2 protein chains.
Amino acid sequence: MRHDVTDLNQTFAALSDTTRRAIVARLAEGEAPLAEVAAPFQMSLTAVSKHVRVLSDAGLVSVTKRGRTRYCRIEALPMRDAINWLNDYQRFWDTQLEALGTLLQDENEDD
Amino acid sequence: MRHDVTDLNQTFAALSDTTRRAIVARLAEGEAPLAEVAAPFQMSLTAVSKHVRVLSDAGLVSVTKRGRTRYCRIEALPMRDAINWLNDYQRFWDTQLEALGTLLQDENEDD
DNA sequence: ATAATAGTAAACCTATTGGCTGACTATATG
DNA sequence: CATATAGTCAGCCAATAGGTTTACTATTAT
């Protein structure tokens with residue numbers, strides 16, 4: 001299993017759409033047929049199917065055909081890679097939040 | 001400071017490009033003028049300037065003009081929001097890795 | 001004052017994205 | 001067999017993305 005930069009491109013791109021993140025959230029509650037995945041959305045089944053395709057191309061979802069039904073499942077490993085990338089920058093929001101905290105504290109020093 | 005779904009859209013989209021992630025990585029080593037940010041890339045300065053614009057629109061980078069120079073700094077808080085979203089799915093890669101581990105273990109049981 | 005430096009702005013091009021519809025395939029059911 | 005169900009495929013469309021070049025603005029240096 002290789003992981004290169006283009007994988008991260010795909011992962012982040014897949015997650016950059018509200019509908020697709022909602023699909024991931026839905027699938028976190030369990031495997032579901034495409035039609036059920038699509039139900040909450042106003043768009044066509046075809047459109048949702050495309051979104052699922054984007055997710056499965058990115059490896060975030062797997063689709064298994066049983067009978068005439070396609071069952072969709074979450075595959076979270078690419079998200080772990082994304083988190084691993086993001087974690088390198090954690091120190092920045094730590095220090096920036098700290099600075100913000102200090103600022104607020106200074107502002108309240110006259111209490 | 002509000003955070004809505006469109007913020008996450010922008011954050012993930014900003015991170016879905018190799019060049020932009022490289023820019024973030026560069027800025028993690030410290031503030032830098034745009035020209036210096038652009039130096040490692042083969043594309044035009046204009047193109048890099050556009051990438052920085054995307055990052056700053058997403059709140060991942062801030063740009064300050066001093067003299068004729070634009071200094072770029074990393075602003076990691078949006079990334080924290082992205083991680084917070086991703087963390088909800090950590091249990092999936094935990095269990096999936098565990099399953100993979102068990103599988104590999106089973107395969108080696110005859111040692 | 002002139003010229004170099006740092007960058008933006010605008011116009012353009014091509015490819016991709018996200019949506020649609022309509023026709024089609026495959027499976028299940030009356 | 002006929003029909004409903006689950007979904008894909010192909011073609012279309014408008015908007016966005018990522019790159020280019022050429023012209024312009026603002027600042028610094030000679």
Side-chain angles (χ1 to χ4, degrees), chain A residues 4-27 30-74 78, chain B residues 4-27 30-74 78:
Chain A
D4 54 30
V5 289
T6 66
D7 290 334
L8 272 180
N9 287 3
Q10 272 193 283
T11 302
F12 283 125
L15 294 176
S16 74
D17 181 273
T18 308
T19 302
R20 286 194 295 264
R21 286 197 311 280
I23 291 173
V24 169
R26 163 66 188 83
L27 294 180
E31 192 180 58
L34 183 60
E36 199 177 311
V37 170
F41 303 104
Q42 295 176 241
M43 69 193 74
S44 68
L45 178 62
T46 302
V48 173
S49 174
K50 276 197 193 180
H51 281 304
V52 168
R53 168 67 60 113
V54 171
L55 288 167
S56 88
D57 284 351
L60 290 164
V61 159
S62 63
V63 179
T64 313
K65 180 178 169 184
R66 292 204 291 279
R68 66 185 162 182
T69 306
R70 270 75 171 181
Y71 292 91
C72 306
R73 273 176 44 225
I74 195 171
Chain B
D4 54 30
V5 290
T6 65
D7 290 334
L8 271 180
N9 286 4
Q10 272 193 284
T11 301
F12 283 125
L15 294 176
S16 73
D17 180 274
T18 307
T19 302
R20 285 193 296 263
R21 286 197 309 280
I23 291 172
V24 169
R26 164 64 189 83
L27 294 181
E31 192 180 57
L34 183 59
E36 199 177 310
V37 170
F41 303 104
Q42 296 178 240
M43 68 192 75
S44 67
L45 178 63
T46 302
V48 174
S49 174
K50 277 197 194 179
H51 280 305
V52 168
R53 168 67 59 111
V54 171
L55 289 166
S56 87
D57 283 351
L60 290 164
V61 159
S62 63
V63 179
T64 312
K65 181 178 168 185
R66 291 203 291 278
R68 65 184 162 186
T69 306
R70 268 75 172 180
Y71 291 91
C72 307
R73 273 174 45 225
I74 195 171

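In this text, all values refer to a predicted model and were calculated from it rather than measured experimentally. Order of the sequence lines fixes the chain letters, A, B, ..., with proteins taken first and strands second; residue numbering starts at 1 for each chain.
- Nucleic acid contact class of Ser49(A) (heavy atoms, under 4.0 Å, all strands): sugar-phosphate only.
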_Candidate pair Val63(B) and Val61(B), rule side-chain contact (heavy atoms from CB on, under 4.5 Å), full reasoning_ = CA-CA 7 Å; Val63(B) 179; Val61(B) 159; 4.2 Å; yes
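- Phe41(B) places none of its side-chain heavy atoms less than 4.5 Å from the side chain of His51(B).
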*Starting from the C-alpha separation in whole Å, work towards a yes-or-no answer on side-chain contact (heavy atoms from CB on, under 4.5 Å) for Leu60(A) and Val54(A).*
CA-CA 9 Å; Leu60(A) 290 164; Val54(A) 171; over 6 Å; no
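- A 4.5 Å side-chain heavy-atom check between Val48(B) and Met43(B) finds at least one atom pair inside the cut-off.
- Heavy-atom distances to DNA chain D give each of Thr69(A) and Lys50(A) a nearest nucleotide, and the one nearer the 5′ end belongs to Thr69(A).
- A salt bridge links Arg66(B) with Glu31(B): the closest approach of a Lys/Arg side-chain nitrogen to an acidic carboxylate oxygen falls below 4.0 angstrom.
- Taken to the nearest 0.5 Å, the CZ atom of Phe12(B) stands 6.5 Å off from the CZ atom of Arg21(A).
- Comparing Leu45(A) and Lys65(A) against DNA chain C, the residue whose closest nucleotide sits nearer the 5' end is Leu45(A).
- Here chain A contacts DNA chain C (any atom closer than 4.0 Å to a heavy atom, that is under 4.0 Å), and the contacts span dG18(C) to dA28(C) from 5' to 3'.
- Checked options Leu27(B), Ile23(B), Thr64(B), Leu55(B); the residue passing with Cys72(B) is Leu27(B) (criterion: side chain to side chain contact (heavy atoms under 4.5 Å, CB included)).
- A salt bridge does not link Glu36(A) with Arg70(A): every distance from a Lys NZ or Arg NE/NH1/NH2 to an Asp or Glu carboxylate oxygen is 4.0 Å or more.
- Using a 4.0 Å heavy-atom criterion, one finds that Arg66(B) contacts no nucleic acid atom at all.
- Interface limits on DNA chain D: the 5'-most and 3'-most nucleotides within less than 4.0 Å of chain B heavy atoms are dG18(D) to dT28(D).
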